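Lettering of chains follows the sequences in order, A, B, ..., and the numbering in each one begins at 1. Everything numeric in this text was worked out from a predicted model, so none of it was measured.
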2 protein chains.
Amino acid sequence: MHAAVASAAALPKALLFGDAPQDRPAPDAAPVGSVRVLAKDEEIFAEGDCTAFFYKVISGAVRTSKLLTDGRRQIDAFHLAGDIFGIEPGAEHRFSAEAVGPAKVVIYRRCSLDALASGNGAFARQVVQAMMRSLERAQNHMLLLGRKSAVEKVATFLLDLAARQGGHVELPMSRCDIADHLGLTIETVSRSLTQLERDRVIEVPAHRRTIVLRDGAALRRLDS
Amino acid sequence: MHAAVASAAALPKALLFGDAPQDRPAPDAAPVGSVRVLAKDEEIFAEGDCTAFFYKVISGAVRTSKLLTDGRRQIDAFHLAGDIFGIEPGAEHRFSAEAVGPAKVVIYRRCSLDALASGNGAFARQVVQAMMRSLERAQNHMLLLGRKSAVEKVATFLLDLAARQGGHVELPMSRCDIADHLGLTIETVSRSLTQLERDRVIEVPAHRRTIVLRDGAALRRLDS
DNA sequence: CGGGCCGTTGACTCTTGTCAATCGCGGTGG
DNA sequence: CCACCGCGATTGACAAGAGTCAACGGCCCG
């Protein structure tokens, strides 16, 4: 069984019990730039919601993911402080987004996107760049998903996180989230970390949420 | 022509041959580009090449792919007639592109992309939409790569191709290309097709480059 | 103290990859 | 015309990597 199903309890309640439409931000409720404070696993938007807004992470981490009908989940990306997410081409979100832990996001009206058409502002450029970065990340991620082994996937993931966090690695997400991001199971993620630890490439202190990169060169070799 | 194909072709035409040429400022928006005729496997650009141009397929098919250092390849997408490819965020291509078989492409200068920053309305919007489509495809593909079984991958691939070709499936690419697109090996692709054939879901005439979809419902079930 | 999570580990299974043989087709040259 | 060759695709036997199922340990929190 896949990780996502195994840990049904960890999935947002909204997913399991259905989500009353009024639970979600009403299309006109949020002014540009308002902040929303989120609890762990709280849903920001669901697959199929209309794309009235997009978001920027202030603190914490957010995951965007898709589901197959049988519950298998693919996390597209983790978004950390400063990242923009939720920009989509169509009228409906094709991903759902939830807070990984307690988090804060700023909400922007999607129509700000139309500034692209008329706007030469710095903001428009920033939004377009965010989109391009998403695309770039998606492309790299496809290579990872389609062609890398479990250990390589984990190594790439750690290096990526280290680069985005400034050298150290503090995992804001669960093994289940990591597994769904890398197209693996939680057991395989765990075993890969154990193997990297055995090979003295990383160290994983007892809390298991911090990772010390011991041999960056070895990691980069795995990253190809 | 079926709706799906018409809409796929409509975007590029609007983008590049817009019916209101006068609202595009001339000098650095793309002049209708020169045509390049390509032989099978001929390279259009390589990973690392600078992104001076982007392209539209006139005929044939083009693949964009990435390589790991050990030679494993992930094909990002196949681009058919009417498709635009080669738009990238950075100064260098992070993919290589080659013709799948004999093909023709139109070449456009990339500098038209800079229209984004200076805010030329219609053109900018459409380029952004093309980018968003790439992103959408990338995202769907990640789900496929990370979470679908071999048979499911092949089923999805066939349905996608059928939608883009107007209902029938004529494979312009080799099993090897398909395998690299789906994150499989050629043997597994072949076995999956054989299994679908055994289950009377598809038929594969002797040339092995045409596929008849016999049980679309079954395919869609596999597609989830 | 007890229960629920989360993560790790072990034993086993199974899908997919690997390696190798074969088939069939199309082109080529005797 | 036909034998030969090369390439792409298929098939089979086997190996291996990852998934599944299950047990366990630590930690937090009531």
[X] [atom1] to [N] [atom2], straight-line distance once rounded to whole Å:
X: B/Asp177; N: D/dG8; atom1: CG; atom2: P; value: 10 Å
X: B/Glu187; N: C/dA20; atom1: CD; atom2: P; value: 12 Å
X: A/His207; N: D/dC28; atom1: NE2; atom2: C1'; value: 13 Å
X: A/Leu193; N: C/dG7; atom1: CG; atom2: P; value: 10 Å
X: A/Arg73; N: D/dG19; atom1: CZ; atom2: C1'; value: 17 Å
X: B/Asp180; N: C/dT16; atom1: CG; atom2: C1'; value: 15 Å

Evaluate the criterion side-chain contact (heavy atoms from CB on, under 4.5 Å) for residue pair A/Arg191 and A/Glu187; output intermediate values, then yes/no.
CA-CA 6 Å; A/Arg191 279 189 261 262; A/Glu187 293 95 333; 3.4 Å; yes
If you pin A/Val189 and B/Val189 to their nearest nucleotides in DNA chain D, which one's is more 5'?
B/Val189
Of B/Arg191 and A/Ala206, the one whose closest nucleotide on DNA chain D sits nearer the 5' end is B/Arg191
OP1 or OP2 of [N] under 4.0 Å from side-chain N/O of [X]:
X: B/Thr194; N: D/dT11; value: yes
X: A/Thr185; N: D/dA18; value: no
X: A/Arg208; N: C/dT8; value: yes

Does some side-chain heavy atom of A/Leu161 sit less than 4.5 Å from a side-chain heavy atom of A/Leu80?
yes
Answer yes or no: is there an ion pair linking A/Arg147 with B/Asp180, defined by an N-O contact shorter than 4.0 Å?
yes
Do B/Arg133 and B/Asp83 meet the salt-bridge criterion of a basic N to acidic O distance under 4.0 Å?
no
Please work out if B/Leu184 contacts a base, only the sugar-phosphate, or nothing of the nucleic acid, heavy-atom cut-off 4.0 Å.
sugar-phosphate
With heavy atoms under 4.0 Å as the rule, sort A/Arg209 into base, sugar-phosphate or nothing.
sugar-phosphate
Between B/Phe53 and B/Phe45 (judged by ring centroids, cut-off 6.0 Å), do the two rings come close enough to count as a pair?
no
A/Arg175 vs A/Arg147, nearer the 5' end of DNA chain C by closest nucleotide
A/Arg175
